[in-house]
Amino acid sequence: MLGAIPPGALPVSDPSPSSSDPGFPHPFPLDWQPLPLRGAVLAGAMAGLSLLIPCLLVGGGLILRIGEGSPLPWPASAGVVAVVAVLLAALAYRRRRRVRWLLDAQGLAVRRGGLWQSETRVPASRVQHLDLRRGPLERMLGLSTLVVHTAGSRFGAVSIAGLAAADAERLRERLSRQLDQDDDAL
């Protein structure tokens with residue numbers, strides 16, 4: 001499974017010793033985790049297919065105009081539409097391949113983009129609740145969308161679409177455990 005964290009990388013229970021102890025292993029993956037390849041393929045396919053209805057409408061209109069002396073023959077217009085659909089699919093695929101996430105002691109971070117990059121950090125203390133969403137195609141491919149609802153932030157929620165279902169469940173479990181610990185500390 002591409003992009004998946006091996007079982008046990010996100011611990012089931014929090015360690016009692018300090019993570020600064022040199023003999024104690026760090027409880028979190030220390031590097032940015034990519035999304036699985038199948039999530040990027042799904043994003044690209046959905047972006048390309050999103051042109052299907054407009055293309056059918058335009059193509060149907062052009063076919064009706066052929067008898068009226070349309071300036072652009074339908075094979076050329078179909079080729080233009082196909083090229084645009086492929087470019088849109090490639091763009092969506094590349095965008096999804098550039099999403100990374102990191103879970104550490106402070107909370108969740110999401111990094112997106114290539115040329116224009118953004119990094120969003122959600123401190124564990126700001127997490128209100130967590131949702132997992134799975135559409136039919138995501139379920140078929142073993143993917144999920146993790147939605148982290150936050151307190152007092154500009155957007156109110158951070159979502160990571162295209163996570164492996166097991167990773168999304170482990171992230172949700174780990175963040176909710178951190179949230180429970182913060183509530184207990186108060």
Side-chain angles (χ1 to χ4, degrees), residues 1-12 27-55 82-180:
M1 193 159 50
L2 293 173
I5 294 179
L10 295 175
V12 174
F28 305 102
L30 295 174
D31 55 341
W32 290 89
Q33 302 296 312
L35 296 176
L37 179 63
R38 63 187 181 278
V41 171
L42 178 63
M46 295 308 294
L49 289 175
S50 68
L51 282 178
L52 184 61
I53 292 175
C55 292
V83 167
V84 170
V86 168
L87 289 175
L88 186 62
L91 179 65
Y93 173 84
R94 286 184 53 137
R95 285 186 73 184
R96 188 61 58 90
R97 290 301 297 158
R98 290 190 171 143
V99 175
R100 302 277 190 269
W101 61 269
L102 173 71
L103 182 66
D104 58 15
Q106 288 76 39
L108 179 69
V110 181
R111 183 180 287 168
R112 303 173 199 271
L115 191 56
W116 286 277
Q117 294 180 352
S118 71
E119 187 173 319
T120 304
R121 177 158 287 280
V122 180
S125 63
R126 304 304 266 171
V127 174
Q128 292 292 307
H129 65 277
L130 303 148
D131 292 329
L132 282 181
R133 296 184 184 159
R134 298 178 188 107
L137 293 176
E138 286 178 318
R139 282 193 309 268
M140 222 168 53
L141 294 172
L143 300 171
S144 294
T145 298
L146 176 68
V147 182
V148 181
H149 297 274
T150 61
S153 70
R154 193 168 101 193
F155 299 108
V158 174
S159 66
I160 308 173
L163 278 167
D167 289 344
E169 289 172 11
R170 283 196 298 261
L171 279 170
R172 179 181 64 175
E173 189 65 31
R174 181 69 186 159
L175 282 169
S176 65
R177 200 169 282 117
Q178 283 180 328
L179 182 62
D180 289 342

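As a basis for the values below, the full set of heavy atoms in this structure was taken, side chains included, without hydrogen atoms, waters or symmetry mates. Every value quoted in this text rests on a predicted model; they were computed, and no experiment measured them.
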Among Leu175, Val127, Leu103, which residue meets the side chain to side chain contact (heavy atoms under 4.5 Å, CB included) test with Val122?
-> Val127
Whether Arg177 side chain and Arg172 backbone form a donor-acceptor pair below 3.5 Å | no
Taking every heavy atom of Thr150 against every heavy atom of Gln128, the minimum-distance pair comes out as C-CG, 3.7 Å
Calculate, to the nearest 0.5 Å, the distance between atoms CD and CD1 belonging to Gln33 and Ile160 respectively.
-> 11.0 Å
So, do Leu163 and Leu35 sit near enough that their side-chain heavy atoms are less than 4.5 Å apart?
-> yes
Enter the distance from Trp101:CH2 to Asp167:CG here, rounded to the nearest 0.5 Å.
-> 5.5 Å
Identify the two heavy atoms, one from Gly44 and one from Ala89, that lie closest to each other, and give their separation to 0.1 Å.
-> O-CB, 3.1 Å
Quick one: pull up CG in Asp104 and CZ in Arg174 and give me the separation to the nearest 0.5 Å.
-> 10.0 Å
Report yes or no: does Gln117 contribute a side-chain atom to a donor-acceptor pair with the main-chain N or O of Leu115 at less than 3.5 Å?
-> no
Find the distance between CZ (Arg38) and CD (Glu138) and round it off to the nearest 0.5 Å.
-> 11.0 Å
What heavy-atom pair brings Met46 and Leu137 nearest, and what distance separates the two atoms?
-> SD-CD1, 3.6 Å
Closest non-hydrogen contact found for Thr145 with Ser159 is CG2-CB, 4.2 Å
Reported CZ-to-CZ distance for the pair Arg111 and Arg100, which is rounded to 0.5 angstrom = 9.0 Å
Of all heavy-atom pairs linking Leu143 and Gly162, the shortest is CD2-O, 3.6 Å
Are more than 12 heavy atoms from other residues, nucleotides or ligands located less than 6.0 Å from atom CZ of Arg95?
-> no
Are any of the side-chain heavy atoms of Gln106 and Pro123 separated by less than 4.5 Å?
-> no
Separation between CZ of Arg139 and CZ of Arg133, rounded to the nearest 0.5 Å | 14.0 Å
Considering residues at least two apart in sequence or located in another chain, which fulfil the side-chain contact (heavy atoms from CB on, under 4.5 Å) criterion with Ala109?
-> Trp32, Leu102, Arg121
Between Tyr93 and Val41, what is the shortest heavy-atom contact and its length?
-> CD1-N, 3.9 Å
